[in-house]
Amino acid sequence: MPIVVNLDVMMAKRKMSLNELSEKVGLTIANLSILKTGKAKAIRFSTLEAICKVLNCQPADILEYIE
Amino acid sequence: MRFNPIHALKIFHFLAWSIFILVCIEAGGILFNTIYALIDGRNIAHFWNNVNLARLYSYDCNYFYGILIIMNIVVLLKGFLLFFIVKIFHDKKLDLASPFNERLASYLNKLPKVILAIGLMSKYGEYMIKILSRKGVQFSSLQDMNVDAGNVWMLMGFILLVISMIFKRGMELQAEADLTV
């Protein structure tokens, strides 16, 4: 898929575990895992907003387009 | 009184089993009578449901065998259809929490084909009986011979075919929704 999710990179930079992120964002670990492994087909703006808020980053830090 | 889908499913499950047993009895009866008619031939005048095939046999035994084959195919297809329906309930594929699953989709894909086959065979049997009736062969009613309502079966088959296409699309939408975070 051309859109790559760099969630694990940001989580490592912020030294945050999946459990902690899941609690703060309000998503289940299963859903975060789907996002992290690149299996997600779509992401809601509200989810993206919550992740960016918790990880203190920009959407471009999480999502990357690779041809 | 509030409509409870779970109770309704249990009622449908029971009804499906009841109709399946009745169709199996009918299929067994027709099959047994067919084999007995082929071996002995004494029951031709009093076939299943008191259907009299003696005049057809004396007119042309090839048509007799043809009508027998059609009757057997139709009743076996009906049994097959009911078996599928009972299997859907038995395998617990009707999960109202997540109804759009692949197993149910595959059942819904097969059902209209079986129903259309029943309709086509019934229509063909009806057509054969009409032609033979015009030639002077007397028959019992189409209902007794189990080849009636071909149009209804075909209409049901087409409607179910459309529903299965919609269900397939629903499944794609559900898969997409499941992978939307």
Side-chain angles (χ1 to χ4, degrees), chain A, chain B residues 2-10 12-13 16 84-116 157-181:
Chain A
M1 203 174 173
I3 302 287
V4 173
V5 179
N6 294 320
L7 187 63
D8 44 357
V9 172
M10 280 316 298
M11 279 166 64
K13 278 186 183 171
R14 301 288 182 257
K15 293 183 178 60
M16 200 176 284
S17 68
L18 199 65
N19 280 330
E20 200 183 333
L21 184 65
S22 147
E23 271 174 46
K24 287 183 178 174
V25 165
L27 269 184
T28 60
I29 292 174
N31 276 346
L32 269 180
S33 195
I34 287 170
L35 187 60
K36 207 172 87 135
T37 54
K39 287 178 187 166
K41 290 265 186 248
I43 183 167
R44 295 186 186 92
F45 282 139
S46 55
T47 306
L48 191 58
E49 182 194 331
I51 291 173
C52 289
K53 197 173 179 178
V54 168
L55 293 176
N56 192 24
C57 64
Q58 291 294 313
D61 297 326
I62 311 271
L63 304 171
E64 189 186 344
Y65 174 73
I66 294 173
E67 270 190 52
Chain B
R2 230 179 136 184
F3 174 71
N4 191 339
I6 295 167
H7 289 150
L9 279 177
K10 283 183 183 168
F12 290 144
H13 190 180
F84 260 140
I85 293 170
V86 164
K87 210 164 183 288
I88 289 171
F89 285 108
H90 194 259
D91 287 351
K92 294 184 175 40
K93 292 302 161 200
L94 270 176
D95 178 14
L96 294 173
S98 176
F100 297 101
N101 58 71
E102 240 183 80
R103 198 70 194 271
L104 188 57
S106 82
Y107 281 131
L108 279 180
N109 206 20
K110 287 173 193 165
L111 278 177
K113 291 169 187 169
V114 176
I115 292 172
L116 281 170
F158 284 126
I159 289 170
L160 207 58
L161 200 65
V162 170
I163 289 171
S164 75
M165 285 179 195
I166 294 168
F167 191 89
K168 199 178 166 188
R169 180 68 188 132
M171 223 179 70
E172 285 166 12
L173 288 171
Q174 180 165 306
E176 213 173 291
D178 285 345
L179 292 173
T180 297
V181 292

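None of these values were measured; they are calculated from a predicted model. Chain letters run A, B, ... following the sequence lines, proteins first, then strands; residues in each count from 1.
- Contacts of B:I166 classified as side-chain contact (heavy atoms from CB on, under 4.5 Å), with partners at least two apart in sequence or in another chain: B:V162.
- Residue pairs meeting the ring-ring contact (aromatic ring centres under 6.0 Å, His included) criterion with at least one partner in residues 160-181 of chain B, sequence neighbours excluded, are B:F100-B:F167.
- The shortest side-chain heavy-atom distance between B:L179 and A:I34 falls under the 4.5 Å cut-off.
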Please report all inter-chain donor-acceptor pairs (under 3.5 Å) between chain B and chain A, with distances to 0.1 Å.
{"unit_1": "B:L179", "atom_1": "O", "unit_2": "A:K41", "atom_2": "N", "d": "2.8"}
{"unit_1": "B:V181", "atom_1": "N", "unit_2": "A:A42", "atom_2": "O", "d": "3.1"}
{"unit_1": "B:V181", "atom_1": "O", "unit_2": "A:R44", "atom_2": "N", "d": "2.9"}
{"unit_1": "B:V181", "atom_1": "O", "unit_2": "A:T47", "atom_2": "OG1", "d": "3.3"}

